Undergrad: 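Pasting in a structure now, in structure tokens, and then I'll have a few things to ask.
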Amino acid sequence: MEVTLLGTGDTTGTPTPRCDCDTCLRARELGVERSRFSVHVHNERTDESLLVDASPDFRSQFLTQDVPLPDAIVISHIHFDHLDGLGNAYRLLEDVPVFAADETDPQTGQSVAGTVSEKYHYLDSISVEPRSPFEPFEACGFEVTLVPVEHPPLLCYGLAIEDPETGAKLSLTGDSNYGIGEDSRDVLRSPDLCFVDGIVPAKHVEYHPLGGDHPDEAGVHRTFGTKHMTIEGARAMADDLDAGEYRLVHLSHYIPADEAFDDDMAVDGERFRL
Ligand SMILES: [Zn+2]
Ligand SMILES: [Zn+2]
Ligand SMILES: [Zn+2]
């Protein structure tokens with residue numbers, strides 16, 4: 001399994017357009033980028049590629065990174081930064097299954113799969129394949145399991161991606177706060193590599209109108225607002241999931257410049273072989 005991080009940023013990315021904050025300046029100096037979220041997983045046995053989420057930066061990601069176009073796609077949830085790149089399939093991809101959860105979201109009255117079908121009904125090159133959480137399915141020779149995570153108000157799913165031949169395992173929390181349930185954690189647990197949502201340091205909760213949540217014993221908030229983990233929370237999650245290796249993803253430009261490029265904080269183009 002060869003895993004390439006195509007997009008490691010939050011919804012505005014780093015650098016954020018026209019932003020001259022220290023973190024965006026440092027990213028430009030270092031020549032690194034955090035575009036909108038997407039992960040490319042290549043199966044070297046079958047020579048197939050699975051794409052996790054369709055970033056609005058799809059085109060530039062596939063121009064910049066040396067990876068094949070996807071043979072299948074999984075969509076974690078319907079936020080812009082994870083779904084709106086799917087239109088790039090037009091005249092570029094052929095016969096690509098798009099897997100997404102089949103549970104109805106009370107917020108939208110539709111499942112993720114239903115929203116994808118409705119929004120991209122004009123795309124003949126894709127077929128939407130609804131799948132039930134906790135029920136493993138096959139994609140690109142991998143065994144993939146969607147698990148519910150916590151990203152209110154919308155339903156969102158983390159993923160475990162395993163190679164049944166080699167035993168290699170990649171887990172992704174998806175966009176989530178720290179309150180992921182034990183049944184979902186159990187599926188994500190003990191991966192060789194884990195990508196964990198961490199958006200800002202815990203000290204930033206004072207700037208969020210809803211503050212933070214899920215404090216640890218020292219009172220440090222592991223959730224920022226309601227939708228994402230803090231950097232501290234994401235590291236605690238990687239520890240709880242017993243990840244062999246991990247990277248924090250979905251990072252924002254609000255992380256101070258002297259912390260924002262620490263070793264466990266992903267940048268676009270990082271590649272792993274499991
Ligand atoms: Zn900035
Ligand atoms: Zn989201
Ligand atoms: Zn997101």
Side-chain angles (χ1 to χ4, degrees), residues 5-39 51-58 61 73-86 100-101 103 105-108 110-113 115-116 119 133 146-159 172-180 184 195-201 204 207-208 210 213 223-231 233-234 237 247-261 265-268:
L5 281 164
L6 299 181
T8 57
D10 68 345
T11 198
T12 68
T14 303
T16 286
R18 311 306 303 174
C19 181
D20 58 2
C21 78
D22 288 347
T23 303
C24 289
L25 291 176
R26 182 72 60 85
R28 290 187 188 98
E29 274 166 28
L30 294 170
V32 297
E33 194 174 347
R34 291 180 174 137
S35 62
R36 275 70 65 86
F37 187 79
S38 187
V39 178
L51 189 70
V52 179
D53 286 339
S55 169
D57 298 310
F58 182 106
Q61 290 170 348
I73 300 173
V74 190
I75 299 293
S76 65
H77 69 303
I78 61 168
H79 275 153
F80 159 79
D81 51 325
H82 301 257
L83 174 59
D84 281 33
L86 196 55
E103 298 175 308
D105 187 335
Q107 193 68 28
T108 62
Q110 282 180 323
S111 65
V112 174
T115 301
V116 176
K119 212 169 164 181
L146 293 165
V147 293
V149 293
E150 296 296 321
H151 193 50
L154 291 178
L155 292 186
C156 180
Y157 300 86
L159 292 97
L172 302 93
T173 65
D175 282 16
S176 183
N177 69 35
Y178 190 77
I180 299 174
S184 292
F195 296 140
V196 191
D197 169 348
I199 197 158
V200 288
H204 283 244
Y207 305 118
H208 195 290
L210 298 172
D213 201 356
T223 289
F224 175 72
T226 59
K227 289 187 171 69
H228 298 280
M229 286 178 244
T230 61
I231 299 301
M237 180 61 72
R247 287 291 184 280
L248 309 186
V249 295
H250 214 278
L251 301 161
S252 77
H253 69 133
Y254 298 115
I255 304 164
D258 60 349
E259 299 168 37
F261 304 99
M265 300 209 185
V267 293
D268 292 4

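The first residue of the sequence shown is numbered 1, and numbering continues consecutively from there. It should be emphasised that the depicted structure is a prediction, and the values quoted were computed from it without experimental measurement. One-based numbering, in listed order, for ligands and for the atoms of each. Just so you know, these numbers use all the heavy atoms, side chains as well, and skip hydrogens, waters and symmetry mates.
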Undergrad: Short check: any N/O/S atom of Asp197 below 2.8 Å from the Zn ion (ligand 3)?
TA: no

Undergrad: Does Ile199 offer a backbone N or O that forms a donor-acceptor pair with the side chain of Ser252 under 3.5 Å?
TA: yes

Undergrad: Working to 10°, measure the angle at the Zn ion (ligand 1) formed by atom SG of Cys21 and atom ND1 of His253.
TA: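 Centred on the Zn ion (ligand 1), the SG/ND1 angle is 110° (to 10°).
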
Undergrad: Can you find a pair of side-chain heavy atoms, one from Leu154 and one from Lys227, that are under 4.5 Å apart?
TA: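 Leu154 vs Lys227: side chains apart.
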
Undergrad: Do you know which of His204, Glu259, Met265 makes side-chain contact (heavy atoms from CB on, under 4.5 Å) with Ile231?
TA: Met265

Undergrad: Have a look at the Zn ion (ligand 2) and estimate, to 10 degrees, the angle subtended by NE2 (His151) and NE2 (His77).
TA: 100°

Undergrad: Do any N/O/S atoms of His82 come under 2.8 Å of the Zn ion (ligand 3)?
TA: yes

Undergrad: Just give me the atom name: the N, O or S atom of His79 closest to the Zn ion (ligand 2).
TA: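 The nearest such atom is ND1.
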
Undergrad: Answer yes or no: are there more than 12 heavy-atom neighbours, outside Phe80 itself, under 6.0 Å from its atom CZ?
TA: yes

Undergrad: Provide the atom name of the closest N, O or S atom of Asp175 relative to the Zn ion (ligand 3).
TA: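 Asp175's closest N, O or S atom to the Zn ion (ligand 3) is named OD2.
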
Undergrad: My understanding is that only one of Asp81, Asp57, Asp175, Asp53 makes a salt bridge (Lys or Arg N to Asp or Glu O under 4.0 Å) with Arg36; could you say which?
TA: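 Among Asp81, Asp57, Asp175, Asp53, the one that satisfies the salt bridge (Lys or Arg N to Asp or Glu O under 4.0 Å) with Arg36 is Asp57.
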
Undergrad: Asp213 versus Asn177: any side-chain heavy-atom pair under 4.5 Å?
TA: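 The answer is no; the side chains never approach within 4.5 Å.
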
Undergrad: As a test of reading the structure, name the N/O/S atom of Asp81 that is nearest the Zn ion (ligand 3).
TA: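 Checking each N, O and S atom of Asp81, the shortest distance to the Zn ion (ligand 3) belongs to OD2.
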
Undergrad: SG (Cys24) to the Zn ion (ligand 1) to SG (Cys19): angle, nearest 10 degrees?
TA: 120°

